[in-house]
Amino acid sequence: MDVKGRLKEALEEAVRALGTEAEVSVQAVPEGKAGDYGSPVAFGLAKKLRQNPVAIAKGLLERLELPPGIARAEAVGPYLNFHLDPGPFVEGLVTAPAARPERGEKAIVEHTSVNPNKEAHVGHLRNIVLGDACARILKAAGYAVEVQNYIDDTGRQAAESIFAVSYFGETYDGSEKYDHWLGKLYVRLGQAKETDAETIERGVSETMHRLERGELRGEIEKVLRAQLTTYYALGAEYDLLVWESDIVRSGFLAQALNVLRGSDDVFEATEGKYAGALVMDVSKFLPGLEEPLVVLVRSDGNAMYVAKDIGTQFWKVGLFEGLKFTTFDTQPSGKTLYTSAPEGDPHPDGLTFAHADEIINVIDARQSHPQTIVRTALALTDTAQGFDSSHHLAYEVVTLEGQAMSGRKGVTLAIDTVVDEAKKRARAVVAEKNSDLPSIDTVARQVGVGALRFAMLKSEARRVIDFRWEQALSLQGDSAPYVQYAHARACSILRAAQNAGVGEAGADWSRMGGLEVKLAQELARLPEVVDIAAREFAPHLVAQYCLDVATAWNGFYNHRDASGKPDTQVLKAEPGLREARVALVRRVRETLAAALALLGIEAPEEM
RNA sequence: GCACCAGUAGCUCAGCCGGAUAGAGCAGUCGCCUUCUAAGCGAUAGGCCGAGGGUUCGAGUCCUUCCUGGUGCACCA
């Protein structure tokens, strides 16, 4: 356990010695106050024990057994403050294991889920990056993670695109990316509806039926594979593609409805405006609704979309089986991508899909209402299994230079375009700053894509993002390049150390001072940040942490003593101190790289 | 109308379970490369944390009323 955790336990012990119990919080001491960690625990006890908090702090101090790593404690008014023992603290941090233990629980993250009928645009970018980062964070927190990408291959949009190809008699000639080409036909068809609505409606409707029978799977696959190259370029990968047509054929809907019919709140309406339809009364869970009835199956026998969603969610929870799977692709990392399929194996390569302990659906905030209904359906089952573990990660829209994104008005921007532009702009900067870099294109990609991802992740999901080139691709300030640069700087020092034959052996930890402690304290926060970010599904906490570490490291690097001379140099430090600092810088590098990796951002060694 | 989300520096945003003097970046001003990467660092300036009431030893954080902005409330997907 880390020093902070041990300190907390020691404090809890001291509180028990006073004959009571309390939640103990330990936090970093504000700038300018005595000590490194502090606790306001005496405040809470004051009321309970009917004593002055200052006196309680003193009492705790007398009963406190200091854990290793803490040099001394003092009472600052009602606060208890602790001074770290620099040597043991820094040494302990530098040698602490980086990985978190497995929890033995499984999490499903569903993200991307772009309609397979056109190229993905910046609105989708936020979904992909957010979901991908969440998956990485959950994995780091010890979950077994399954990333799903839902393919709505029976929807109207897919049908329109596919029908447009034959309607206009076009053939794909490979001169542009397939999804872009198809997207243009989709837009063209929308315009053609104004003059030829009837023919188009008939054609689209027929195409939808063929899609449901799975006859056009190959057509969907073509778009899907083109879209996947976009996601791969962003660094996102998946475990499983879940096709809606497979869901429909698998009988999930019927199974889900069977489960639900056992509830008193699901019934066939016999009167009112929903007569003849199968409805669900959600009023017990969503009080105050004007219309507490939700239609699951229309009176004409057709299921509503939300009913399919319910079926899929029941499957994720593990309420029933029925899908078959096969391999679909080998992703850039070498990881196999599986897909649901009409013919296949329920357990390909011995794997079991679904059956998750936590389910995170990354879907924009406008779909909060249907998502709540899906969750409510889980509450209506006998065991309510999956209700507490179903989470909607709701994110707000991305506007484009202040305008709402709209395919119809042409206010749209493809991810492919943005990624190209990001790489181009990053390349120009890299070339200017470091022209003799051998791997300039690789670095430009890492920096450009990193900047883009960071821009999508640095603030909370529920905040509206206005996409602006200038800000998204900013290579300074609160950005990925700032963090990447800090990482490259650490790498540079470690390279120089290696060339000089300086390693970590022979480190004299007694030489560690306040500057090292402050930096180490920041580095020590990583596991806690991962845990909170995983619990809250909040990648922005990790992004903020990246900035904090980079800032602490840059501050250390540039530090000067009272006379204005650098006093934190590594290689020019005396033997003993030098080796200890090499170890600390190595840990800085690892921490920055690990934190960036949680966001799916690469950390170049030079830039 | 009802519900959900947001309102913190000129702009864009952090602020973990309520804790010590509310923090960054951008924009502004002034400094720092003969020293391991200046994509950096330091300093300075900038705040009725939307408004009122309440709970608390302590509120940007919790409760409540209101104001402003966004979104959602179909036998659509």
Side-chain angles (χ1 to χ4, degrees), chain A residues 23 25 27 29-33 38-41 43-44 46-47 52-53 76-79 81 115 152 154-157 269 273-279 286-291 293 295-300 302 304-306 308 364-370 372 394 396-397 429-430 432-434 447 458-460 462-466 468 470-471 474-479 481-482 484-486 488-497 500 525 528-529 531-533 535-536 538 540-541 543-544 547-548 550-551 554-555 557-560 564-566 568-573 585 606-607:
Chain A
E23 254 307 287
S25 91
Q27 56 210 213
V29 158
E31 198 72 25
K33 293 281 176 188
S39 176
V41 65
F43 281 113
K47 192 173 201 177
N52 182 330
V76 179
Y79 286 95
N81 285 6
N115 270 315
D152 183 4
T154 62
R156 184 170 186 95
Q157 308 211 39
K273 61 174 176 171
Y274 294 145
L278 185 72
V279 296
L286 298 168
L289 279 183
E290 244 172 80
E291 176 52 78
L293 296 183
V295 175
L296 298 177
V297 181
R298 287 181 277 182
S299 49
D300 65 7
N302 285 316
M304 297 285 284
Y305 195 83
V306 71
K308 294 181 196 169
D364 76 88
R366 288 178 299 199
Q367 303 219 38
S368 292
H369 184 63
T372 309
E396 268 299 338
V397 291
V429 179
V430 176
E432 179 202 323
K433 305 272 183 190
N434 201 345
V447 171
K458 75 172 169 184
S459 46
E460 288 180 286
R462 54 170 166 267
R463 213 169 267 283
V464 175
I465 291 183
D466 183 29
R468 289 172 194 273
E470 188 117 340
Q471 279 173 25
S474 167
L475 300 187
Q476 47 176 332
D478 286 348
S479 70
Y482 173 82
Q484 290 170 317
Y485 184 75
R489 175 179 264 167
C491 287
S492 172
I493 292 172
L494 294 171
R495 263 196 312 275
R525 282 178 55 215
E528 190 186 341
V529 169
D531 284 346
I532 297 172
R535 195 178 66 217
E536 314 271 328
H540 82 278
L541 296 175
Q544 294 294 333
L547 295 171
D548 290 342
T551 300
N554 281 331
Y557 173 86
N558 281 298
H559 195 272
R560 276 140 204 270
K565 284 197 186 128
T568 52
Q569 288 181 313
V570 176
L571 296 176
K572 288 178 183 160
V585 172
E606 287 180 86
M607 61 188 280

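Keep in mind that what you see is a predicted model, and the values were worked out from it rather than measured. Naming convention: chains lettered A, B, ... in sequence-line order (proteins, then strands); numbering from 1 in each chain. All heavy atoms count here, side chains included; hydrogens, waters and symmetry mates do not.
Atom pair A:Asn558:CG and B:G40:P shows a separation of 11 Å (rounding to whole Å applied). The interatomic distance linking A:Leu494 (CG) with B:C36 (C1') rounds to 10 Å, in whole Å.
Contact detail for A:Asn554 and A:Ala486: the closest heavy-atom pair is OD1-CB, 4.1 Å. Closest non-hydrogen pair, A:His559 versus A:Thr568, comes out as CB-CG2, 3.8 Å. The minimum heavy-atom distance between A:Ala277 and A:Val295, with the atom names listed, is CB-CG1, 4.1 Å. Across every non-hydrogen atom of A:Ala394 and A:Ala365, the tightest pair is CB-CA, 3.8 Å.
Regarding contacts with the backbone of B:A39, a side-chain N or O of A:Lys433 is found under 4.0 angstrom from either OP1 or OP2. Side-chain nitrogen and oxygen atoms of A:Arg463 include none within less than 4.0 Å of the OP1 or OP2 phosphate oxygen of B:G70. Residue A:Arg298 has no polar side-chain atom (N or O) positioned under 4.0 Å from OP1 or OP2 of B:A74. Proximity of A:Arg366 to the phosphate of B:C5: no side-chain N or O atom is located under 4.0 Å from OP1 or OP2. Considering only side-chain N and O atoms, A:Tyr485 lies under 4.0 angstrom from the phosphate OP1 or OP2 of B:A39. For the pair A:Tyr557 and B:A38, the criterion of a side-chain N or O lying under 4.0 Å from OP1 or OP2 is met.
Among the protein residues, A:Tyr305 comes within range of the nucleic acid bases, having at least one heavy atom under 4.0 Å from a base atom. Contacts of A:Ala488 with the nucleic acid, taken as non-hydrogen atoms under 4.0 Å apart, include base atoms. Within 4.0 Å of A:Asp364, counting heavy atoms only, lies no atom of the nucleic acid at all. A:Val295 comes within 4.0 angstrom of sugar-phosphate atoms only, judged by non-hydrogen atoms across all strands, and of no base. Across all strands, A:Val430 comes closer than 4.0 Å to base atoms (heavy-atom distances). The residue A:Val429 sits close to a base: some heavy atom pair falls under 4.0 Å. Within 4.0 Å of A:Met607, counting heavy atoms only, lies at least one base atom of the nucleic acid. Using a 4.0 Å heavy-atom cutoff across all strands shown, A:Ala394 reaches no nucleic acid atom at all. Nucleic acid contact class of A:Ser459 (heavy atoms, under 4.0 Å, all strands): sugar-phosphate only. When heavy atoms are screened at a 4.0 angstrom cut-off, A:Arg535 is found touching the sugar-phosphate backbone but no base atom. Contacts of A:Leu286 with the nucleic acid, taken as non-hydrogen atoms under 4.0 Å apart, are absent. Using a 4.0 Å heavy-atom distance criterion, A:Val297 is classed as making no nucleic acid contact. Across all strands shown, A:Thr154 has no heavy atoms under 4.0 Å from either base or sugar-phosphate atoms.
Taking the P atoms as reference points, B:A51 lies 28 Å from B:U44, given to the whole Å. Look at the P atom in both B:G50 and B:A14: the space between them is 14 Å, to the nearest Å. Rounded to the nearest Å, the gap between the P atom of B:G53 and that of B:A59 is 14 Å. B:C62 and B:C4 are spaced 15 Å apart, taking the P atom of each and rounding to whole Å. Here the separation of B:U12 from B:C30, taken at their P atoms, is 26 Å to the nearest Å. Taking atom P on both nucleotides, B:C36 is separated from B:U29 by 29 Å, rounded to a whole Å. Separating the C1' atom of B:A22 from that of B:U64 is a span of 24 Å, rounded to the nearest Å. Across B:A6 and B:G60, the matching C1' atoms stand 14 Å from one another, rounded to whole Å.
In this structure, A:Tyr79 packs face-to-face on the six-membered ring of B:A20, meeting both the 5.5 Å centre cutoff and the 30° plane limit. An aromatic stack links A:Phe43 and the base of B:G19, using centre distance under 5.5 Å and interplanar angle under 30°.
Within 3.5 Å, no donor on the side chain of A:Asn554 pairs with an acceptor on the base of B:A39, nor the reverse. A donor-acceptor contact under 3.5 Å is formed by the side chain of A:Gln569 with the base of B:U35.
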>> Base contacts versus sugar-phosphate-only contacts with protein, heavy atoms under 4.0 Å: please encode nucleotides 21-33 of chain B as B, S and - from 5' to 3'.
In response: B--BSS-------

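A salt bridge is absent between A:Glu470 and A:Arg468; no separation between the charged side-chain nitrogens and carboxylate oxygens falls under 4.0 Å.
When the nucleotides B:C41, B:C36, B:C13 are ranked by their closest atom to the side chain of A:Gln544, B:C13 comes out on top. The listed nucleotides are B:A20, B:A39, B:C16; the one nearest the side chain of A:Ile532 is B:C16. Which of B:A6, B:C16, B:A14 sits closest to the side chain of A:Glu460 comes down to B:A14. Checked against B:C16, B:A39, B:A77, the side chain of A:Glu528 finds its nearest nucleotide in B:C16. Residue A:Arg462 has its side chain nearest to B:C5 when only B:A20, B:C5, B:A77 are considered. Considering only side-chain atoms of A:Lys572, the nucleotide from B:C57, B:U35, B:C17 that sits closest is B:U35. Nearest to the side chain of A:His540, among B:G19, B:A14, B:C36, sits B:A14.
Taken from CZ in A:Arg495 to CD in A:Glu606, the straight-line distance is 4.0 Å, to the nearest 0.5 Å. In this structure, CG in A:Asn115 is found 12.5 Å from CZ in A:Arg156, a value given to the nearest 0.5 Å. Taken from CD in A:Glu432 to CG in A:Asn434, the straight-line distance is 11.0 Å, to the nearest 0.5 Å.
Nearest-nucleotide mapping onto RNA chain B: of A:Val397 and A:Gly38, the residue sitting toward the 5' end is A:Gly38. Nearer to the 5' terminus of RNA chain B, by closest-nucleotide assignment, is the contact made by A:Leu571 (compared with the other of A:Ser299 and A:Leu571).
Environment of CZ in A:Arg366: sparse, with no more than 12 heavy atoms of neighbouring residues, nucleotides or ligands closer than 6.0 Å.
Stem analysis of RNA chain B (at least three stacked-register Watson-Crick or G-U pairs, each with both distances under 3.5 Å) gives B:1-7 with B:67-73, B:10-13 with B:23-26, B:28-32 with B:40-44, B:50-54 with B:62-66.
An anti orientation is assigned to B:C26, its glycosidic angle lying beyond 90° of 0. Glycosidic conformation, B:C33: syn, with the torsion inside 90° of 0.
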Distances for protein N or O near nucleotides 1-3 of chain B N or O, under 3.5 Å:
residue : atom : partner  : partner atom : Å
B:G1    : N2   : A:Glu290 : OE2          : 2.8
B:C2    : O2'  : A:Gly288 : O            : 3.3

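In this structure the side chain of A:Lys273 never reaches within 4.5 angstrom of the side chain of A:Leu293, judged on heavy atoms. Proximity of A:Tyr274 to A:Glu291: side-chain heavy atoms (C-beta onward) are separated by under 4.5 Å at one or more points.
For the residue pair A:Tyr482 and A:Ser474, no side-chain donor N or O sits within less than 3.5 Å of a side-chain acceptor on the partner.
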